[in-house]
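Some notes on the structure that comes next.
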Amino acid sequence: MRSSSGEQPAQSLPAALRVAYHPFDRAGEAPAGVLAAIRFGAANSPPAGLTIDVGLEPLQASAATPGAELWFATGPVHTGQWSDSAAAGPGRVRYAHDDHYLFAVVELDEREHGGILLTAEYVYAAVRHFQQQSGFPHLLRMWNYMDAINEGSGDLERYRQFNVGRGRGLGDVIQSYPSATAIGRQRPNHVLQVFWLAGKVAGQSLENPRQVSAYHYPRVHGPVSPVFARALIAPDHTLLISGTASIVGHHSQHHDDAMEQLEETVRNLSSFAPHVRRPRTAAQGDLLKVYVRDPELTPRIAERLRQLYPTSAILFVAADICRRELLLEIEAISLAS
Ligand code: 3EB
């Protein structure tokens, strides 16, 4: 793997991304200069820039639990909505951007679009068309949240059907893949929710030497491979690590053992250590989002992660993982400055 250091002079870097978890006990505050607020649970932060409500419940809820993930703007924010003219209305994209970065979301009701496969195809066609005219052509980070991700068997499993639709909708226009997460919500609302960060400048996709690239998964994992990179270095050198689970090669490891899956996942995350730019202050530690299938496992997982990552902000949410034997998944952001 290449080191990310020393490739570009500092003045050519876009303004730095800043991301922080916003605790429930400050839910009444409206922080200034927010590009996008990804809100978890019920009582959460006021709307700002682009507001995205995800139907995932925070675990270990207390006053200090994050109710939102805030992506701060690097300058004045412009918000808007966009529809694919060929299909005005349902293809609606909501977005917010500053001079460097764009955040956008599409939310479609599966019942109105013929199920998960066709809805995914429709959403991703909208993503492609929107991106082509957005002025922010480079996809950096994507999240995909859906109902009942493990329902159905074999190639009819909903996650696999989602992959077929995503692949068809996106087509082959993408030069390099964004980092991504695909997760099942445990409280169904019929919505396929896809939101993303894009930039004017491309990032650098990374793969994990411990894992087969997802886009090269063999046929056994479904008819169409998931299209995402294991991680991406954003133009400002922020490291965006995709949802990472207990997979080595392309095989799930440690079926039914959450603590062993946690150790394997941590080893997978550690592959990216050479790309981490140490934050200037300890207060700007990394952000970890931990998706836990069985909420009762959270205290043990939390104890171990706080031991391993004492300076990181960690958010735990209840969620289903894209393979039924997987019990947890972790995504991470390592800020550049
Ligand atoms: C994996 O490594 C676990 O389909 O966009 C992680 C991150 C996973 C993103 C996606 C899926 C996706 O295959 C699942």
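Just so you know, ligand 1 is whichever comes first in the structure, and atom 1 is the first atom listed for that ligand. These numbers were taken from a predicted model, which means no experiment stands behind them.
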- Ring centers of Tyr95, Phe130 separated by less than 6.0 Å: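 Between Phe130 and Tyr95, which both carry aromatic rings, the centre distance is below 6.0 Å.
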- Message: Can you confirm if the aromatic rings of Tyr101 and Phe136 lie within a centre distance of less than 6.0 Å?
- Response: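 Centroid separation for Phe136 and Tyr101: 6.0 Å or greater.
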- Message: Checking side-chain contact (heavy atoms from CB on, under 4.5 Å) between Thr119 and each of Val106, Val194, Asp109, Leu108, which is the one that passes?
- Response: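 The residue from Val106, Val194, Asp109, Leu108 that satisfies side-chain contact (heavy atoms from CB on, under 4.5 Å) with Thr119 turns out to be Leu108.
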- Item | Tyr21 side-chain N/O to Leu288 backbone N/O, donor-acceptor pair under 3.5 Å |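 It does hold such a pair.
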- Item | Whether Glu331 side chain and Ser242 backbone form a donor-acceptor pair below 3.5 Å |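 Side chain of Glu331 to backbone of Ser242, a donor-acceptor pair under 3.5 Å: no, none is there.
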Report each N/O pair between ligand 1 and the protein that falls under 3.5 Å, naming both atoms.
residue, atom, partner, partner atom, Å
ligand 1, 2 (O), Tyr217, OH, 3.2
ligand 1, 2 (O), Arg230, NH1, 2.7
ligand 1, 4 (O), Tyr159, OH, 2.5
ligand 1, 4 (O), Arg166, NH2, 2.7
ligand 1, 5 (O), Arg166, NH1, 2.8
ligand 1, 5 (O), Arg166, NH2, 3.4
ligand 1, 13 (O), Tyr217, OH, 2.6

- Task: Answer yes or no: is there a side-chain heavy-atom contact under 4.5 Å between Val292 and Leu327?
- Result: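 No. Closest side-chain heavy atoms not under 4.5 Å.
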